Amino acid sequence: MATTKVDPKLSDGELKKKSKTYEGLSHQQLIDAYRIMFTSRRIDDREILLKRQQKVFFQISGAGHEAVGVAAAYALKASYDWFFPYYRDRALVLGLGATPLEMLLGAVGAAADPSSGGRQMPSHWAYKGLNVVTQSSCTGTQVLHAVGCAEAGRYFSQHPNAARKGEGDYRQFKDVQFRGDEISYVSMGDGTTSEGEFWEALNTASNRRLPVLFCVQDNGYAISVPVEVQTAGGNISRLVSGFPNFHFEEIDGTDPVIAYAAFKRAAAYCRAGNGPAFVHAHVIRPYSHSLSDDERLYRPESERERDAARDPVPRLQMFLLREGILDENGINKLEKEVEEQIQADADRALDSPLPQPESIHNFVYSPDLDPRSAAFDKQPAYVAAETGENNKRSAASQPKTMADLINATLRDEMRRDERIVVFGEDVADASREEYVKQKLVKGKGGVFKLTSGLQLEFGAERVFNSPLAEANIVGRALGMAVRGLKPVAEIQFFDYIWPAMMQLRDELPLIRWRSNNAFSAPLVVRVAIGGYLTGGAIYHSQCGESIFTHIPGLRVVFPSNSLDAAGLLRTSIRCDDPVLFLEHKRLYRETFGRAPYPGPDYMVPFGKAKIVQAGNHITVITYGAVVPRALQAAQRIERERQVSVELVDLRTLNPFDWETIAASVKKTNRVLVAYEDSLSWGYGAEIAARVADELFHHLDAPVKRIAATDTFVAYQPILENAILPQASDLYRAMKELAEF
Ligand SMILES: Cc1ncc(C[n+]2csc(CCOP(=O)(O)OP(=O)(O)O)c2C)c(N)n1
Ligand SMILES: [Mg+2]
């Protein structure tokens with residue numbers, strides 16, 4: 001046991017005073033708290049100076065929020081708990097172990113900035129070793145990540161074998177650590193509680209009793225908008241108080257002792273597995289929103305003075321003096337040390353090497369595992385068997401639909417990899433599991449039955465329904481994937497993907513790039529897409545894949561037949577990048593493209609197009625449900641006019657197979673790009689532009705496009721037929737090209 005050295009000169013009274021604690025905080029811890037808070041404030045001041053000197057390019061401060069930060073850092077455990085902070089959490093991350101130098105490296109955008117290597121604004125914390133997860137500038141997205149992170153922690157503690165390293169897939173590069181009682185901390189401002197994702201996160205954390213510690217740092221403003229305009233009734237605590245299973249605290253967040261006591265109670269509640277906690281801390285914002293804002297434009301002097309009287313830094317200083325914990329000399333000495341350190345660190349940061357411009361392409365995708373590589377090129381089992389000795393087809397080799405093979409692939413992969421969880425709307429067989437167990441019902445397993453039977457085989461911890469909230473699905477999946485799970489989440493209809501757009505555009509594909517490869521979130525989002533349904537109408541028929549192929553960092557896959565769907569889904573699951581897996585609803589049960597079950601190892605690499613039929617006169621580049629229509633048109637024009645069409649099915653849209661396109665166009669010199677999405681700005685526009693740019697000298701005719709009209713997809717079949725590209729439209733375009 002450690003013994004405390006006793007100063008023999010101290011009287012009994014003095015001794016007692018020295019060993020007095022404040023909500024469990026010792027004198028030394030309070031002195032350290034002051035050091036952290038003062039350091040935090042002085043880094044802000046230094047950055048502001050550097051910004052005025054144009055040596056840094058942005059500044060947002062943690063000023064006024066320091067007491068909450070240091071208290072949370074004291075109550076939680078760095079490198080053990082998980083942290084999803086926001087930009088005002090400078091004192092928190094200092095308390096967890098980040099250094100002033102690291103922060104100043106971020107401010108100047110140095111190559112050695114540990115949060116992003118100069119890619120993100122300062123105060124966007126990411127410290128891998130401390131479990132501080134990379135964050136964006138989007139207000140509120142992080143709240144769902146924290147929920148997914150907590151779910152993953154619980155999952156791994158219930159399935160410890162799932163954490164084992166795997167060979168030959170993403171698991172090789174994704175270490176998992178779990179403790180069993182770790183907490184997910186997430187913080188945000190008062191304005192951010194207006195975001196839907198905040199409420200979606202509270203809902204799930206409450207419902208699943210997750211160990212998430214929510215911290216709302218309420219400084220009364222969101223830029224210039226005061227809290228009573230954001231929040232009905234002006235107090236978020238009152239609004240959230242009805243959520244079951246929560247521990248609630250509403251505190252003065254400018255007092256570190258009060259804040260520490262609250263965080264300690266909240267953390268104990270979460271750690272014991274009781275559920276989530278919510279700490280609502282009233283703080284101040286003395287430095288305007290950021291250096292780009294001047295709060296004097298919307299806050300009168302009187303209000304600002306009222307805030308200043310509660311400033312946590314002078315407040316703790318007064319407390320230390322009043323309690324005799326530090327005298328004036330002690331304060332001066334501490335502050336001088338901090339000032340000198342920050343001065344020295346700022347000089348070092350300014351001298352630190354800058355990132356190289358060539359490095360911008362690093363870490364858009366995994367540097368470890370390339371889904372285009374030969375490792376993802378595996379033959380179907382029956383081809384392997386046929387080329388083997390006994391040359392026998394298995395009895396299971398009846399042609400299967402795309403729906404069957406996607407289901408079979410999910411099953412195979414879930415057997416192989418215990419990290420896979422499947423969730424989304426209606427994907428479970430039955431959330432009230434007893435009904436299926438008692439054989440009262442058969443179970444649903446997806447509105448298209450793609451996940452049918454998975455819950456029954458793998459259990460409700462691995463296959464479960466989400467709330468009807470698409471951002472909730474993708475945001476949680478992201479949080480899980482950061483921890484090493486492999487979510488295969490489902491968005492029920494492409495038409496309803498948009499509530500998840502912030503997560504899909506601003507979060508998921510950026511995790512790796514913006515953290516300079518410190519974090520990653522490889523997962524699969526399966527989405528039912530497309531028209532030709534007869535009656536699907538506007539909101540069950542949309543395409544729109546080009547919106548997602550426009551996003552760097554996101555793989556986009558769009559198979560046209562069963563075998564490709566199986567092989568590409570397996571690659572999607574095993575690879576180390578986030579994948580949007582688009583499944584055409586019309587193709588789910590189509591006769592076209594059925595294939596026997598290819599076995600549990602069959603894989604198709606990304607970026608390898610398939611020549612559906614070879615030809616000499618025209619190249620048709622397409623994918624998805626246009627493939628069978630193009631094939632029909634190609635067969636007709638061959639029959640009627642002896643025009644031979646080379647039909648290229650891209651299969652994956654990002655990456656796409658430029659080499660196959662170029663080789664084909666060089667051979668045929670005529671090219672038609674066909675896609676189901678509306679014509680203008682569609683996916684084929686990029687292909688057409690690139691053909692025109694790079695293959696101009698090989699062309700004997702203008703590049704043609706066939707696509708849907710620039711409208712939505714209508715309900716009445718006569719209208720739908722007129723809107724979506726038909727075999728007859730493709731035929732006409734082929735004829736025109738051939739005759740040009
Ligand atoms: C989704 C989104 N909308 C708008 C913004 C621009 N913005 C940045 S911070 C901010 C105000 C945030 O206020 P609050 O949540 O109270 O946090 P505070 O800055 O006061 O600590 C706004 C509107 C953003 N970053 N993200
Ligand atoms: Mg605020």
Side-chain angles (χ1 to χ4, degrees), residues 360-361 364 372 543-558 560 580 582 606-627 629-631 633-634 637-638 641 643-711 723-740:
I360 52 176
H361 298 292
V364 177
R372 297 169 301 185
C543 278
E545 54 278 10
S546 64
I547 293 170
F548 295 93
T549 53
H550 190 65
I551 303 175
L554 186 65
R555 306 292 193 183
V556 182
V557 178
F558 203 153
S560 73
L580 189 70
L582 302 172
F606 289 178
K608 298 277 182 291
K610 180 173 162 188
I611 310 269
V612 180
Q613 68 161 42
N616 297 317
H617 301 133
I618 299 172
T619 297
V620 176
I621 300 158
T622 188
Y623 54 91
V626 182
V627 172
R629 287 158 183 79
L631 186 60
I637 203 159
E638 171 113 51
R641 298 172 171 266
V643 173
S644 128
V645 171
E646 178 139 302
L647 180 53
V648 179
D649 177 358
L650 289 176
R651 309 201 282 192
T652 66
L653 307 185
N654 180 26
F656 76 98
D657 188 349
W658 174 248
E659 287 71 31
T660 295
I661 294 173
S664 181
V665 173
K666 283 178 189 169
K667 179 169 70 167
T668 64
N669 316 114
R670 288 173 158 77
V671 57
L672 169 65
V673 190
Y675 48 101
E676 183 184 331
D677 199 2
S678 45
L679 180 77
S680 302
W681 318 104
Y683 184 76
E686 175 66 25
I687 307 281
R690 193 146 167 207
V691 169
D693 182 4
E694 294 183 32
L695 302 172
F696 182 76
H697 297 292
H698 296 278
L699 291 174
D700 289 341
V703 182
K704 283 208 89 59
R705 279 182 294 157
I706 285 290
T709 51
D710 286 337
T711 64
I723 289 162
L724 295 180
Q726 308 296 330
S728 53
D729 301 316
L730 288 149
Y731 175 85
R732 212 173 318 112
M734 289 172 188
K735 184 165 162 283
E736 261 179 55
L737 268 179
E739 287 169 355
F740 185 87

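All of these numbers come straight from a predicted model, not from anything done at the bench.
Distance check, rounded to the nearest 0.5 Å: CG of Leu672 to CD1 of Ile618 gives 7.5 Å. Separating the CG atom in Asp649 from the CG atom in Leu631 is a distance of 10.5 Å, to the nearest 0.5 Å. The distance from atom CD1 of Ile723 to atom CD of Glu676, rounded to the nearest 0.5 Å, is 11.5 Å. Atom CD1 of Ile637 is separated from atom CZ of Arg732 by 11.5 Å, given to the nearest 0.5 angstrom. Atom CG in Leu650 sits 9.0 Å away from atom OG1 in Thr660 (nearest 0.5 Å). Taking CD1 from Ile547 and CG from Leu554, the interatomic distance works out to 12.5 Å, rounded to the nearest 0.5 Å.
When the ring pair (Phe, Tyr, Trp, His ring centres under 6.0 Å) test is applied to Tyr623, the partners found at least two apart in sequence or on another chain are Phe558, Tyr683. Under the salt bridge (Lys or Arg N to Asp or Glu O under 4.0 Å) criterion, Lys735 pairs with Glu739, sequence neighbours left out.
What you find for Arg670 and Ala701 is that their closest heavy atoms are CG-CB, 4.1 Å. Of all non-hydrogen atoms in Leu724 and Ala708, the two that sit nearest each other are CD2-CB, 4.1 Å. Taking all atoms of both residues into account, the shortest heavy-atom contact from Val643 to Ala738 is CG2-CB, 3.8 Å. Considering all non-hydrogen atoms of both residues, Gly624 and Ser560 come closest at O-CB, 3.4 Å. The shortest heavy-atom contact between Ser546 and Gly682 is CB-C, 3.9 Å. Of all the heavy atoms in Ser678 and Ala707, the pair that sits closest is C-CB, 4.3 Å.
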side-chain hydrogen bond (donor to acceptor under 3.5 Å, both in side chains) between Glu638 and Ser644, intermediate numbers included: CA-CA 5 Å; Glu638 171 113 51; Ser644 128; 5.0 Å; no

Between Leu582 and Glu545, is the side chain to side chain contact (heavy atoms under 4.5 Å, CB included) condition met? List the steps. CA-CA 8 Å; Leu582 302 172; Glu545 54 278 10; 3.8 Å; yes

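A donor-acceptor pair shorter than 3.5 Å cannot be found between the side chains of Arg629 and Tyr731. Under the 3.5 Å distance criterion, with hydrogens and angles disregarded, no donor-acceptor pair is assigned to the side chains of Thr619 and Glu646. With 3.5 Å as the limit, one finds no donor-acceptor pair spanning the side chains of Thr549 and Asn654.
Within the 3.5 Å criterion, the main-chain N or O of Lys608 finds a donor-acceptor partner in the side chain of Arg651. With hydrogens and angles ignored, the 3.5 Å screen pairs a side-chain donor or acceptor of Asp710 with a backbone N or O of Leu679.
For the pair Val671/Leu699, a side-chain contact is recorded, criterion being any heavy-atom separation below 4.5 Å from C-beta on. Residues Thr668 and His617 fail the side-chain proximity criterion, which asks for heavy atoms closer than 4.5 Å.
Dense packing is recorded around CH2 of Trp658, with more than 12 heavy atoms of other residues, nucleotides or ligands lying under 6.0 Å away. Other residues, nucleotides and ligands contribute at most 12 non-hydrogen atoms within 6.0 Å of the CD atom of Glu686.
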